[in-house]
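Note that the structure is predicted; figures quoted are calculated from it, not measured.
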Amino acid sequence: MNDKFPAENGKRYLSQNDYLRKRFGGKVMKVSLNGGFTCPNRDGTKGVGGCIYCSESGSGDFAGNPSMSVTEQFEAVRAPLMKKWRDCSLFIPYFQAGTNTYAPLPRLKALFEEALSLENVCGLAVSTRPDCISEETADYLAEISRRTYLTVELGLQTVHDKTAALINRCHTYADFLNGFEMLHSRGINVCVHLINGLPFESREMMLETVRRVSELPVHSIKLHLLHIIRGTRLADMYERGEFPAMELDEYVSLICDQLELIPPDVIIQRLTGDGAKDDLIAPLWSLKKFCVLNEIDKEMRRRDSFQGKFSLKN
């Protein structure tokens, strides 16, 4: 057993919760916000309709109401979370919905600075596309990162451009590498968002995505299960029988294989995902999030394995 991951906490990987507790000395909560951003593959700049799995909210199903101010959203989203995490006293505003650098710099500054001014905020998280970061915006994000704990989340999903075209991502792996370098070269923490179970991807293709991302100096990784949401083009494909949804045991085994490839110092921000219960078509087992996480913990213990076991950086 790797002493980097003490067995008593049940986790054999570097979870974001453990990392933030160690860094800030207590529970830290991310508060999802909606800045009202669109996306270049929704507004016609690069495409229309968004990625085939995206709902109308554009990945913001659990974010705030964009008709409210940042401050109002923050309070509205935080309140119910505080009933669950009563010991939490520090917060990270998380601009989640849409492409959160896809706007003129003055608008970004107004939203981000309002979020950073809120009481007991210890950082900022910004989700975006790698092809929507200008040099000017990257310079501003670098200035924020010198003041606070900033993570910029880049939606990659897969390194395979054939899949990217199928899901209407409208950017290439080369575009991702360019955006990643713009941020990393300025000392900005980058989180890479990946999706397992995309149509027609084999297990080896999903492992290859993690291998290649793990070769980069990433700060953190999100591993997300593909959710098939009602009203999306992906749902139409699924209902026509064009591809299957992943089964629980298949997903757990894959995640454990991927964790073994990821360097031990890379933070694991997510190992599954939350689907909107009323809109989720499949896989319905994903609604039991803590059961999924428990199965992953059990499989890692069964293997007597840990994050980074087969990483070149271990």
Inset, instruction - Could you tell me whether Arg147 and Glu143 have a side-chain N and a carboxylate O separated by less than 4.0 Å? - result: yes
Legend entry - Flag side-chain contact, heavy atom, 4.5 Å: Leu20 against Tyr149: yes
Legend entry - Electrostatic pair Asp175:Arg169 at N-O distance under 4.0 angstrom: no
Legend entry - Heavy-atom closest pair, residues Gln307 and Met300: N-CE, 3.9 Å
Inset, instruction - Verify the ring-centre separation between Tyr13 and Phe306: is it less than 6.0 angstrom? - result: no
Inset, instruction - Kindly determine whether Ser311 and Glu260 satisfy side chain to side chain donor-acceptor pair (under 3.5 Å), including the steps that lead there. - result: CA-CA 7 Å; Ser311 166; Glu260 291 173 342; over 6 Å; no
Inset, instruction - Could you walk me through whether Cys191 and Lys222 pass side-chain contact (heavy atoms from CB on, under 4.5 Å), step by step? - result: CA-CA 7 Å; Cys191 173; Lys222 281 187 175 181; 3.9 Å; yes
Legend entry - Lys109 to Tyr140 six-membered ring, cation-pi geometry met (6.0 Å, 45°): yes
Inset, instruction - Decide if atom CD of Glu204 counts as having more than 12 heavy atoms of other residues, nucleotides or ligands within a radius under 6.0 Å. - result: yes
Inset, instruction - Provide the full list of side chain to side chain donor-acceptor pair (under 3.5 Å) pairs with a residue in residues 183-194, sequence neighbours left out, each pair given once. - result: Glu135-Arg186, Asp139-Arg186, Gln157-His193
Legend entry - Sub-4.5 Å side-chain heavy-atom contact between Asn41 and Cys51: yes
Inset, instruction - Test side chain to side chain donor-acceptor pair (under 3.5 Å) on Glu153 and Tyr94 and set out the steps. - result: CA-CA 10 Å; Glu153 179 183 324; Tyr94 172 32; 2.9 Å; yes
Inset, instruction - Could you tell me how the ring of Tyr251 sits relative to the ring of Trp285: parallel (under 30°), tilted (30 to 60°) or perpendicular (over 60°)? - result: tilted
Inset, instruction - State, yes or no, whether a side-chain contact exists between Val218 and Val213 at a heavy-atom distance under 4.5 Å. - result: yes
Legend entry - Any donor-acceptor N or O pair under 3.5 Å, side chains Gln16, Ser220: no
Legend entry - Flag side-chain contact, heavy atom, 4.5 Å: Asn34 against Gln73: yes
Legend entry - CA sep, side-chain torsions, deciding dist, call: Arg303, Glu299, salt bridge (charged side-chain N to carboxylate O under 4.0 Å, His left out): CA-CA 6 Å; Arg303 298 183 182 193; Glu299 176 62 13; 2.9 Å; yes
Inset, instruction - Side-chain contact test, heavy atoms from C-beta onward, threshold under 4.5 Å: evaluate it for Val31 versus Pro93 and give yes or no. - result: no
Legend entry - Short side-chain donor-acceptor distance under 3.5 Å, Gln269 and Tyr19: no
Legend entry - From CA spacing to verdict: side-chain contact (heavy atoms from CB on, under 4.5 Å), Thr148, Leu116: CA-CA 9 Å; Thr148 193; Leu116 288 168; 3.8 Å; yes
Legend entry - Pairing of Arg230 and Asp278 as salt bridge, 4.0 angstrom limit: no
Legend entry - Flag side-chain contact, heavy atom, 4.5 Å: Leu118 against Phe91: no
Inset, instruction - List the steps, then state whether side-chain contact (heavy atoms from CB on, under 4.5 Å) holds for Phe243 with Leu234. - result: CA-CA 10 Å; Phe243 72 97; Leu234 183 75; 3.5 Å; yes
Inset, instruction - Check whether NZ of the Lys or CZ of the Arg Arg233 lies under 6.0 Å from the centre of the six-membered ring of Tyr238 and within 45 degrees of that ring's axis. - result: no
Legend entry - Min side-chain heavy-atom separation Ile281-Ile229 under 4.5 Å: no
Inset, instruction - Give the C-alpha distance, both sets of side-chain angles, the deciding distance and a yes or no for side chain to side chain donor-acceptor pair (under 3.5 Å) between Glu201 and Thr158. - result: CA-CA 9 Å; Glu201 285 214 341; Thr158 176; 2.7 Å; yes
Inset, instruction - Before accepting this row, confirm whether a basic side-chain N of the pair Arg211/Glu208 lies closer than 4.0 Å to the acidic partner's carboxylate O. - result: yes
Inset, instruction - For Lys288, look at atom NZ and say whether over 12 heavy atoms of other residues, nucleotides or ligands are found less than 6.0 Å away. - result: no
Inset, instruction - For the residue pair Ile52 and Thr232, establish whether any side-chain heavy-atom pair is separated by less than 4.5 Å. - result: no
Legend entry - Aromatic Tyr102 / basic Arg129 pairing, under 6.0 angstrom, 45° off normal: no
Legend entry - Exercise: do Asn17 and Lys11 side chains pair donor with acceptor under 3.5 Å: no
